[in-house]
4 protein chains.
Amino acid sequence: MSDIDTVGIAGSRVRSFIERVEQLEQEIAELTEGKKEVFAEAKGEGFDVKILKEIIKLRKQDKDERDEHETLLDLYMRAMEEPEPVAKAA
Amino acid sequence: MSDIDTVGIAGSRVRSFIERVEQLEQEIAELTEGKKEVFAEAKGEGFDVKILKEIIKLRKQDKDERDEHETLLDLYMRAMEEPEPVAKAA
Amino acid sequence: MSDIDTVGIAGSRVRSFIERVEQLEQEIAELTEGKKEVFAEAKGEGFDVKILKEIIKLRKQDKDERDEHETLLDLYMRAMEEPEPVAKAA
Amino acid sequence: MSDIDTVGIAGSRVRSFIERVEQLEQEIAELTEGKKEVFAEAKGEGFDVKILKEIIKLRKQDKDERDEHETLLDLYMRAMEEPEPVAKAA
DNA sequence: CACTGGAAAATGCCGC
DNA sequence: GCGGCATTTTCCAGTG
């Protein structure tokens with residue numbers, strides 16, 4: 001196979017990857033636009049957008065923290081299962 | 001209508017806004033995950049992810065510039081259609 | 001004043017800023033090194049470094065979340081103090 | 001020694017490690033804050049922060065390269081001092 | 001239009 | 001030695 005063909009094939013792959021990413025970014029941009037519209041609507045009804053965002057952030061943090069706690073719990077449990085618990089005599 | 005009801009109604013609206021935003025953020029997170037997978041796949045085939053991202057960024061820049069040009073073109077064309085050209089009194 | 005002098009003066013200021021930052025980064029690097037040593041010491045005594053880091057991260061999150069709650073509380077209280085509370089009749 | 005005591009002792013050590021790390025991170029945070037202030041000050045005098053950071057990064061690179069050279073120089077000099085040059089049996 | 005906060009990218013570190 | 005992961009730094013959009 002010639003270099004030209006190789007390049008062509010690789011080029012196709014590159015093009016494919018790039019277009020898939022661009023498609024995803026397109027959809028993300030649309031959803032982001034949707035978020036803006038929701039906030040604008042809320043603002044139009046007299047709600048304080050800053051507070052709404054703060055609430056959403058807190059809820060996310062709570063969720064993350066719960067996930068994190070589970071991670072720690074997992075770590076502890078894995079540590080417990082270890083054959084030699086490493087506790088050294090003082 | 002009582003204050004309690006007002007609060008209840010406002011609370012429902014708040015809840016609705018928040019859930020809509022969280023739903024949108026959920027979908028965005030999934031698409032972002034999709035992007036990561038595409039890049040991982042490209043990497044697995046030996047492509048340089050950093051360069052791919054560079055290309056995507058450049059293409060976006062180009063697109064933005066083209067959009068900008070179209071905007072300018074629109075402006076010029078609208079100006080052409082104006083009854084009274086452009087000569088502004090000093 | 002000549003351009004040369006201006007450049008010279010600006011150069012001194014630039015030099016001063018850069019050296020101050022580099023000094024700070026130097027101290028940061030030493031403290032970071034200190035952290036590594038603490039973790040190495042803990043590891044040497046049989047503790048699981050990953051779990052230690054997880055605990056530290058959680059404690060930081062807890063603190064951040066408390067700060068965040070206070071922020072939200074502040075926002076609510078400021079909103080309460082507003083002349084026109086914006087509650088619209090349905 | 002009982003398990004309870006062992007746990008207590010290990011707990012003390014854990015606490016000690018964590019507090020030492022948190023103390024270090026506290027100091028790092030303060031120095032990082034100091035960096036931000038220096039950059040803010042520079043910005044206030046009309047300097048381009050992005051460029052300042054670029055300069056600092058380049059100087060660090062240069063310094064790393066110089067350190068690398070010194071390391072190599074050390075290696076060569078130590079090699080010179082060796083009784084039996086370098087001829088290794090295959 | 002400057003500033004803050006959040007997403008993305010680059011870097012360095014760790015384990016395998 | 002390298003890939004994956006965590007941290008740090010950079011960039012950008014949104015806000016006032």
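Numbered from 1 within each chain, the chains take letters A, B, ... in sequence-line order. The basis for the numbers below is simple: all heavy atoms, side chains too, and nothing from hydrogens, waters or symmetry mates.
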Next item on the list: Find the distance Asp64(A):CG to dA7(E):P and express it as a whole number of Å.
Entry: 11 Å
Notebook entry, point to check: dC14(E) C1' sits how many Å from Ile51(C) CD1, rounded?
Noted result: 16 Å
Notebook entry, point to check: Can you tell me how far C1' of dG16(F) sits from CG of Asp48(A), to the nearest Å?
Noted result: 13 Å
Note to self: For residues 65-76 of chain B, which residue pairs pass the salt bridge (Lys or Arg N to Asp or Glu O under 4.0 Å) check, not counting sequence neighbours?
What the structure shows: Lys63(B)-Asp67(B)
Notebook entry, point to check: Looking at Ile55(A) and Tyr76(C), what are the two nearest heavy atoms and their distance?
Noted result: CD1-OH, 3.3 Å
Notebook entry, point to check: Given that Gln61(D) and Lys60(A) both sit by DNA chain E, which one's nearest nucleotide is further toward the 5' end?
Noted result: Lys60(A)
Item checked: For Glu37(A), all residues meeting side-chain hydrogen bond (donor to acceptor under 3.5 Å, both in side chains), sequence neighbours excluded -> none
Check: How close or far is atom C1' of dT4(E) from atom CD of Glu68(C), stated in whole angstroms?
Finding: 13 Å
Next item on the list: Round to the nearest Å and state the distance from Leu24(A) atom CG to dA8(E) atom P.
Entry: 12 Å
Next item on the list: Let me know the distance between CG of Leu75(C) and C1' of dT4(E), rounded to the nearest Å.
Entry: 14 Å
Please set out all donor-acceptor pairs under 3.5 angstrom arising from side-chain atoms of residues 9-16 of chain D, sequence neighbours excluded.
unit_1   : atom_1 : unit_2   : atom_2 : d
Ser12(D) : OG     : Gly8(D)  : O      : 3.2
Arg13(D) : NE     : Glu45(C) : OE1    : 2.9
Arg13(D) : NH2    : Glu41(C) : OE2    : 3.4
Arg13(D) : NH2    : Glu45(C) : OE1    : 3.4
Arg13(D) : NH2    : Glu45(C) : OE2    : 2.4
Arg15(D) : NE     : Glu19(D) : OE2    : 3.3

Could you go through nucleotides 4-13 of chain F and list every protein N or O atom that sits under 3.5 Å from one of its N or O atoms, giving the distance for each pair?
none

Margin query: Can you list everything that forms a side-chain hydrogen bond (donor to acceptor under 3.5 Å, both in side chains) with Glu22(C)? Sequence neighbours excluded, please.
Written below: Arg59(D)
Checklist line | Partners passing side-chain hydrogen bond (donor to acceptor under 3.5 Å, both in side chains) against Glu54(D) (at least two apart in sequence or in another chain) | finding: none
